[in-house]
Amino acid sequence: MLDVLRRIVQEVNGARSLEAALSTMVRRIRKAMRTDVCSFYLYDAEQECLMLMETIGLRTQAVGHVTLRLGEGLVGLVGQREEPLNLEDAPAHPAYRYFEETGEERFSSFLGVPIIHQRRMLGVLVVQQQDKRRYDEGDEAFLVTMAAQLAGVLAHALVTGTLSRPTRADGQAVFTGVAASPGMAIGEARVIMPPADLDSVPDLIPSDTEYEIKRLQDAIYRVRDEIRATGERLASRISAQELALFEVYQQMLSDAALGQEVVKRIREGQWAPGALADVVRRHVQYLERVDDDYLRERAADVRDLGRRVLAHLQEESPQTPDSYPAQTILVGDEISVASLGEVPREKLAGLVAVRGSSTSHVAILARAMGIPTVLGMVDLPLPRLNGSPVVLDGHRGRLIVRPGSEMRSHYQALIDEELALAEVLEHEQDLPSETPDGHAMPLMVNTGLAVDAVASLKSRIGGVGLYRTEVPFMIAERFPGEQEQTRLYREQLESFAPLPVVMRTLDIGGDKDLPYFPIEEANPFLGWRGIRVTLDHPEVLMVQLRAMLRASQGLDNLQILLPMITNVDEVDDALRLLDRARDELAEEGVVVPRPRVGVMIEVPATLYQLGPLAERVDFFSVGSNDLTQYLLAVDRNNPRVADLYDACHPAVLAALARLADEAAVLGMPTSVCGELAGDPAGALLLMGMGFEALSMNAPSLPRVRAAIRRVSMADAQALVAETLTLGSPAEVRSLLNRRLETWQLTHLLPPKD
């Protein structure tokens with residue numbers, strides 16, 4: 001049976017479509033089990049029913065028409081109980097139900113097993129026999145194994161849209177991808193195609209090598225001009241860091257990078273288009289094989305640049321539509337940083353792409369510009385989408401094509417609510433972040449990945465609670481030098497002065513790699529990351545500390561934060577390097593006072609070393625995201641266990657409450673800078689626990705401020721006391737929802753389905 005199982009799995013995985021895979025599967029299973037019928041029923045969670053999707057042995061006209069509610073009939077019973085059902089005389093079972101259109105009245109034996117993926121029931125696999133037959137343990141084990149194999153294939157197909165759930169009469173289709181930038185939009189899909197095809201360039205021997213080099217250089221210069229113009233169009237809407245992404249494009253086009261390699265290939269005997277295609281394909285193939293998310297995303301950048309240069313070599317300008325609809329949802333196989341700037345901003349409502357992830361350059365720009373974006377929509381039917389009415393949900397990673405009137409009205413109401421709420425909240429953003437009973441709760445902003453709207457933020461915040469210094473490192477081709485870092489840090493410190501700016505030293509490893517400094521580990525979250533990396537490479541940390549200190553001269557608003565601290569020795573080592581950096585600068589005539597230094601409380605071990613740490617540093621900053629994942633032993637980027645990641649887990653809340661109490665006894669200023677601080681309900685809990693400041697991404701500020709201004713400190717403390725008596729995350733969430741409803745604050749939570 002193992003050989004049979006292996007062959008079936010290979011055939012299913014090699015099928016050209018899921019429909020073909022299902023057809024292959026039911027036929028092969030029927031043959032392997034020497035039975036009369038094999039059928040597959042798909043579960044539709046929205047309709048709460050099972051639909052016959054594929055069969056061999058029952059009447060084919062029943063496919064797509066026979067549906068059963070959970071608990072209805074034997075198939076519905078398997079789905080409801082989520083366990084196998086093996087019957088020798090199926091019609092005698094009290095749950096048996098006869099469907100005339102299937103012609104199954106002549107079958108006696110029945111074996112059904114559920115198809116389950118990550119605790120979700122996706123469907124039911126059934127075999128039937130005309131004669132009375134008790135399927136033996138081997139048969140049952142075989143079918144259970146087949147269902148387990150099918151579960152992963154089916155889950156992927158449903159998520160990517162390869163297989164849609166039973167369609168509605170209005171033709172509405174829902175596709176799911178990676179939510180890369182939040183927000184919702186209703187508009188018209190405008191599909192963009194690549195400017196040129198790198199895979200269709202023939203090989204030709206050049207008759208004039210110098211001419212080929214000259215026209216390559218001309219094409220590269222034209223593309224550089226286009227990229228520069230695009231960056232200039234977006235300059236007023238994005239920060240200097242996001243604008244630096246366009247510099248990355250320019251660097252890749254430089255003579256020392258892509259251009260030089262193509263010239264070398266031309267001199268080896270290939271014409272310019274062929275040489276370009278060869279070099280680009282080689283780079284892309286290498287980058288796509290690398291086990292590094294950031295480097296894989298760079299493959300998209302290289303491919304886009306190659307296509308643009310090729311279009312000019314072929315004497316064609318990149319094709320862009322003459323006009324765009326008022327609410328354009330830009331859709332493509334890949335959407336690059338450059339193509340993003342080609343659509344008038346006032347018409348660009350959203351972005352959707354087959355490829356890409358939340359770490360791609362276009363995702364960083366989309367978040368900076370506030371454009372709802374969903375990437376990674378594998379198998380999206382691009383040719384059929386152009387001009388289609390669509391709804392884009394950047395909160396949940398959905399694209400709804402040809403939405404029905406009910407769905408459209410639902411999303412329009414959600415969009416209207418968000419706009420109305422934003423307008424209401426905007427009116428009070430310059431008011432103090434203070435509770436009705438007079439408790440001041442300073443709100444700070446996290447910077448580094450989003451637009452830093454300094455002018456509007458300065459009057460609304462208490463400073464920068466977390467500046468992620470790794471962002472400039474991530475978008476560069478090498479470690480930035482001291483002068484380069486000094487300029488970036490000075491911009492931040494000057495922009496927010498005299499407010500404090502907490503700069504975290506380089507925090508790479510885990511989910512953040514540098515393309516020029518790869519870290520390959522079996523378990524990166526428990527490996528070489530944060531302060532562990534920079535202490536092992538003091539030459540990198542010293543340059544960064546010198547740049548920070550130099551940038552702070554005359555401003556005195558710099559605070560330094562040390563990430564991933566596990567023990568006090570790491571703090572001592574880092575402080576020695578800081579003092580050495582100050583001494584070196586003093587020898588150069590740059591005298592700066594020692595800034596306040598803090599440690600991130602994100603490793604559980606630090607919860608038990610607060611006293612010794614407090615003797616060495618000036619403040620604590622709680623990284624609730626990492627602290628949660630380490631306390632719960634959950635990798636929040638792993639979809640198999642991501643549902644277990646919950647900052648409202650009783651253990652996490654108990655740890656935070658204890659931390660706040662101990663910090664108060666030690667007289668240690670303590671803030672929180674994780675996602676929990678940007679959640680209105682979470683912010684109220686943290687305030688009630690006694691944390692002294694909350695730092696969050698800028699878009700979260702209005703909702704958190706509104707919650708704080710409407711709930712007294714006494715009520716927040718009572719909420720904490722009640723919450724700490726609960727035993728599960730579900731109970732905590734339920735209590736928070738009830739309290740927010742009582743306080744009439746449910747409108748501050750993200751929109752629900």
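Note that this is a predicted model, so its numbers are computed, not measured. We number each residue from 1, following the sequence as shown.
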K.L.:
Please give me the minimum heavy-atom distance between F40 and M25, naming the atom from each residue.
P.N.:
CB-CE, 4.4 Å
K.L.:
So F110 and Q128, side-chain contact (heavy atoms from CB on, under 4.5 Å) or not? Walk me through it.
P.N.:
CA-CA 5 Å; F110 175 96; Q128 294 171 269; 4.1 Å; yes
K.L.:
Could you measure the distance from the CG atom of L676 to the CG atom of L653? Nearest 0.5 Å is fine.
P.N.:
7.0 Å
K.L.:
Which value, rounded to the nearest 0.5 Å, describes the distance between L745 atom CG and R739 atom CZ?
P.N.:
12.5 Å
K.L.:
When you look at I186 and Q327, which way does the side-chain contact (heavy atoms from CB on, under 4.5 Å) test go after all the steps?
P.N.:
CA-CA 7 Å; I186 298 174; Q327 288 288 101; 5.8 Å; no
K.L.:
What closest approach, in Å, do H395 and A179 show between heavy atoms, and which atom pair accounts for it?
P.N.:
O-CB, 3.9 Å
K.L.:
Before you tell me yes or no, could you show the steps for Y41 and T67 under side chain to side chain donor-acceptor pair (under 3.5 Å), namely the whole-Å CA-CA distance, both residues' side-chain angles and the distance that decides it to 0.1 Å?
P.N.:
CA-CA 9 Å; Y41 294 79; T67 61; over 6 Å; no
K.L.:
Counting only N and O atoms by type, is there a donor-acceptor contact under 3.5 Å from the side chain of N625 to the main-chain atoms of E675?
P.N.:
yes
K.L.:
State whether the side chain of S108 and the backbone N or O of D131 hold a donor-acceptor pair below 3.5 Å, judged by distance alone.
P.N.:
no
K.L.:
Ion pair present between R133 and D139, side-chain N to carboxylate O less than 4.0 angstrom?
P.N.:
yes
K.L.:
Side chains of Q129 and L111, heavy atoms from C-beta outward: is any pair under 4.5 Å?
P.N.:
no
K.L.:
Check whether any side-chain heavy atom of L684 sits under 4.5 Å from a side-chain heavy atom of L740, and report yes or no.
P.N.:
yes
K.L.:
For a 4.5 angstrom cut-off between non-hydrogen side-chain atoms, does N386 reach R190?
P.N.:
yes
K.L.:
Provide the closest heavy-atom pair for P114 versus P84 in the form atom of the first, atom of the second, distance.
P.N.:
CD-N, 3.9 Å
K.L.:
Counting C-beta onward and ignoring hydrogens, is there a side-chain heavy-atom pair between L125 and I29 closer than 4.5 Å?
P.N.:
yes
K.L.:
How close do R30 and V37 get, counting heavy atoms only, and between which atoms?
P.N.:
CD-N, 4.0 Å
K.L.:
Short question: side chain of D393, backbone of M184 - any donor-acceptor pair under 3.5 Å?
P.N.:
no
K.L.:
Rounded at 0.5 Å granularity, tell me how far CG in L22 sits from OG1 in T55.
P.N.:
11.5 Å
K.L.:
In the structure I gave you, are the side-chain heavy atoms of V390 and I400 within less than 4.5 Å of one another anywhere?
P.N.:
no
K.L.:
Flag the pair R733 and E731 as a salt bridge only when some basic side-chain nitrogen lies within less than 4.0 angstrom of an acidic carboxylate oxygen.
P.N.:
no
K.L.:
Do L58 and F107 touch side chain to side chain, with heavy atoms closer than 4.5 Å?
P.N.:
yes
K.L.:
Is a donor on one side and an acceptor on the other found under 3.5 Å between the side chain of T742 and the backbone of R738?
P.N.:
yes
K.L.:
Please report the interatomic distance CD1(I115) to CE(M146), rounded to the nearest 0.5 Å.
P.N.:
9.0 Å
K.L.:
Spell out, as yes or no, whether a donor-acceptor pair under 3.5 Å connects the side chain of D44 to the backbone of C49.
P.N.:
no
K.L.:
For L52 and H65: C-alpha separation, side-chain torsions, deciding distance, then whether side-chain contact (heavy atoms from CB on, under 4.5 Å) applies.
P.N.:
CA-CA 7 Å; L52 178 62; H65 295 285; over 6 Å; no
K.L.:
Shortest non-hydrogen contact from Y411 to R398?
P.N.:
OH-NH1, 4.0 Å
K.L.:
Atom CD1 of I192 and atom OG1 of T328: how far apart are they, to the nearest 0.5 Å?
P.N.:
11.0 Å
K.L.:
Is it the case that the side chains of T746 and E741 hold a donor-acceptor pair, with the cut-off being a distance below 3.5 Å and no angle test?
P.N.:
no
K.L.:
For residues V63 and M51, determine if any side-chain heavy atom of one lies less than 4.5 Å from a side-chain heavy atom of the other.
P.N.:
no
K.L.:
Could you give me the CA-CA distance, side-chain angles and deciding distance for L735 and L726, then say whether side-chain contact (heavy atoms from CB on, under 4.5 Å) is met?
P.N.:
CA-CA 9 Å; L735 172 65; L726 302 177; 3.7 Å; yes
K.L.:
Looking only at heavy atoms, which two atoms of S728 and P650 are closest? And how far apart?
P.N.:
N-CG, 3.5 Å
K.L.:
Answer whether the closest heavy-atom distance between the side chains of V352 and L392 falls below 4.5 Å.
P.N.:
yes
K.L.:
Could you measure the distance from the CG atom of L719 to the CH2 atom of W743? Nearest 0.5 Å is fine.
P.N.:
4.5 Å
K.L.:
Of R27, R28, K31, which meets side-chain contact (heavy atoms from CB on, under 4.5 Å) against I56?
P.N.:
R27
K.L.:
Inspect the surroundings of CD in E406 and state if more than 12 heavy atoms from other residues, nucleotides or ligands are less than 6.0 Å away.
P.N.:
no
